[in-house]
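Single-structure report; data block below.
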Amino acid sequence: MEKYQQGDLRSSLMAVYTDRIRTDSSPQRGTEPDAEFYERMAGPFWDQARDVITEWWSHLPEHAQRGFRKRLLDRNSNANVSSALWELYLHEMLLGAGCTVEIERPLGSRGKTPDFLVTRGDEQFVVEAIWTSERADDALTAALLDTIDRLPSPNFRVSVTINRAGSTAPQQKRLKAGLTRWLAELDPDHAIADLMQRHRPLPSYTWQEADWSISFMAFPRDPGRRGIPSSRTIGMYPPMKEPLRSDLVLEAVRRKGKKYGELSMPFIVAVGQATYFPEDDDIGNSLYGRPIEYTRSGDSSALRRLPDGYWTTPHTDSHSRVSGVLVVNNPGPWNWTKNTPVLWCSPNSRSIDAPVLPTWGTAHLASGQVERQPPAAPASTALGLPEDWPIGGPFQRHTR
């Protein structure tokens, strides 16, 4: 049953975010902390997000609320904000599935305090949450992109390619002056005509100073979108410099799986991963080992796994303490109701079987193959939200 109604909390439960009229609906800047963005962002979409975050926060036990609120509003650590939102989402999903949840109760042979001790009917299990993310651009690059994005450019958007990055920040005044002068010399209609009729490339410009080299390409704005002062200048960001990682889940489980010693109950590590291109195969390979095909007698082939996964590496009996790994890719308010949590179940016979909630899909290893089962119900049913929540778009379209 849906329990959320837009706007029904703003007058009584604004305990996380300030109760005020917001007018700034511009997208997040590269150097803007996540906490500042959630507090600043105007519009019905973000009002709904703040309302629900506040409601979920109010469902926490009183002793946990202060710490969660501090993390949600931490402008010095995006990781603190993301991990707090991830834990709020998990806590609410467990409550919505009819579970009773105790937070940070001492457990296990080492006396440590896992995030959630969960009771569901006659069974108990532990859920330990961890947030992990691929490395973002460095602070120098983020500050530089913010400078470019705030540059007034009524007729063009630009793509940015960083050919060479310096070790110290470049002189922003000279960069802005050179880029402004170049854009002012361009005519958007001539650029379109050159491209469409004469097959000439779009205008480009390379700015160099000290050990920095940055190339720009100018894309004419649509005639109806020209002259809007609040419109951003960057239309295409630089490609990622860091190599994509496929071991986020493996590193997270290794870190959490050995933390509590013997628990004598099912133990689930819940991983929220922020990744550019999430792949189920990467998760399966990390946990179950990489697959190889081999030929049996009679030329028939079969699939088996190399012993290099979390649960399949030799001499790692302690890994059997982890009953399952719950993974959600890129969770956030914009997709909480749409993402499907997947519980990757341990194939180790020594592991205690993990319980499966109705809103969780599952993955099991069988004869070298990963077998998947969909959830019995969408995530929105446990969260008490409409499946299409939040309603509307995250960014308002500005008109002249």
Side-chain angles (χ1 to χ4, degrees), residues 4-58 60 65-89 92 131 133 136-153 157 160 169 172 176 225 228-235 237 272 274 330-337 385 389-400:
Y4 169 78
Q5 292 183 352
Q6 181 178 350
D8 63 359
L9 301 166
R10 212 167 297 154
S11 60
S12 60
L13 281 179
M14 287 305 290
V16 176
Y17 300 103
T18 334
D19 187 7
R20 62 186 176 88
I21 296 174
R22 293 171 169 83
T23 58
D24 187 350
S25 59
S26 59
Q28 187 175 15
R29 301 182 301 274
T31 54
E32 183 177 24
D34 287 351
E36 182 177 320
F37 173 75
Y38 279 110
E39 172 63 46
R40 165 186 69 81
M41 191 63 184
F45 183 99
W46 299 101
D47 288 339
Q48 294 170 72
R50 283 185 290 266
D51 283 352
V52 164
I53 290 168
T54 293
E55 181 185 8
W56 290 1
W57 173 85
S58 75
L60 295 168
Q65 289 182 357
R66 182 176 179 181
F68 267 81
R69 186 178 186 276
K70 184 177 180 180
R71 289 160 61 199
L72 288 167
L73 300 179
D74 189 349
R75 299 192 177 196
N76 296 314
S77 173
N78 288 343
N80 269 348
V81 176
S82 296
S83 63
L85 289 172
W86 170 233
E87 290 167 34
L88 272 184
Y89 162 86
E92 193 66 22
W131 174 263
S133 174
D137 282 330
D138 59 83
L140 278 181
T141 301
L144 184 68
L145 294 175
D146 268 358
T147 296
I148 297 167
D149 219 11
R150 291 196 297 266
L151 191 74
S153 178
R157 302 192 81 181
V160 182
Q172 295 188 2
K176 290 191 290 186
R225 300 285 296 163
I228 300 174
S230 60
S231 187
R232 302 180 78 159
T233 296
I234 297 179
Y237 284 81
N330 300 314
W334 44 89
N335 62 19
W336 277 335
T337 62
L385 297 169
W389 183 93
I391 297 167
F395 303 111
Q396 299 177 19
R397 189 175 181 87
H398 297 277
T399 56
R400 296 179 67 177

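Values below: every heavy atom of this structure, side chains too, minus hydrogens, waters and symmetry copies.
Distance check: Ser82 OG to Glu87 CD gives 11.0 Å after rounding to the nearest 0.5 Å. Note: Glu32 CD to Asn78 CG = 9.5 Å, rounded to the nearest 0.5 Å. Atom OH of Tyr89 sits about 8.0 Å away from atom CG of Asn335, to the nearest 0.5 Å. Rounding to the nearest 0.5 angstrom, the gap separating the CD1 atom in Ile53 from the CZ atom in Phe68 is 12.5 Å. Atoms CG and OG1, from Asp146 and Thr31 in turn, are 3.5 Å apart once rounded to the nearest 0.5 Å. Rounding to the nearest 0.5 Å places CG of Leu60 at 8.5 Å from CD of Glu92.
Put simply, the side chain of Thr337 gets close to the backbone of Trp389: a donor and an acceptor are under 3.5 Å apart. Checking side-chain atoms of Arg69 against main-chain N and O of Trp57 turns up no donor-acceptor pair under 3.5 Å. A side-chain donor-acceptor contact under 3.5 Å links Gln48 to the backbone of Pro44. Arg232 places no side-chain N or O within 3.5 Å of a backbone atom of Ser26 that could act as its donor or acceptor partner. Between the side chain of Asp149 and the backbone N or O of Thr233, at least one donor-acceptor pair lies under 3.5 Å. Without hydrogens or angle criteria, Trp46 side chain to Pro394 main chain gives a donor-acceptor distance under 3.5 Å.
A 4.5 Å side-chain heavy-atom check between Arg225 and Arg157 finds every atom pair outside the cut-off.
Listed here is the closest heavy atom pair of Pro27 and Phe37: C-CE1, 4.3 Å. The heavy-atom pair separating Ala42 from Ser25 by the smallest distance is O-CB, 3.8 Å. The shortest heavy-atom contact between Asp47 and Arg50 is OD1-NH2, 2.8 Å. Considering every non-hydrogen atom in both Pro333 and Ala49, the closest pair reads CB-CB, 4.0 Å.
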### Message
Does Leu88 form a side-chain contact (heavy atoms from CB on, under 4.5 Å) with Leu72? I'd like the steps, not just the answer.
### Response
CA-CA 10 Å; Leu88 272 184; Leu72 288 167; 4.0 Å; yes
### Task
Given side-chain contact (heavy atoms from CB on, under 4.5 Å), test Thr147 with Leu151 step by step and report yes or no.
CA-CA 7 Å; Thr147 296; Leu151 191 74; over 6 Å; no
### Query
Going through the distances and angles, do Gln28 and Asp34 end up as a side-chain contact (heavy atoms from CB on, under 4.5 Å)?
CA-CA 8 Å; Gln28 187 175 15; Asp34 287 351; 2.8 Å; yes
### Task
Determine, stepwise, if the pair Glu39 / Arg75 fulfils salt bridge (charged side-chain N to carboxylate O under 4.0 Å, His left out).
CA-CA 10 Å; Glu39 172 63 46; Arg75 299 192 177 196; 5.7 Å; no
### Query
Does the pair Asp74 and Arg71 meet the rule for a salt bridge (charged side-chain N to carboxylate O under 4.0 Å, His left out), with working shown?
CA-CA 5 Å; Asp74 189 349; Arg71 289 160 61 199; over 6 Å; no
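Not a single ring pair (Phe, Tyr, Trp, His ring centres under 6.0 Å) links Trp131 to another residue, sequence neighbours left out. Residues satisfying the salt bridge (charged side-chain N to carboxylate O under 4.0 Å, His left out) test with Arg150, not counting sequence neighbours, are none.
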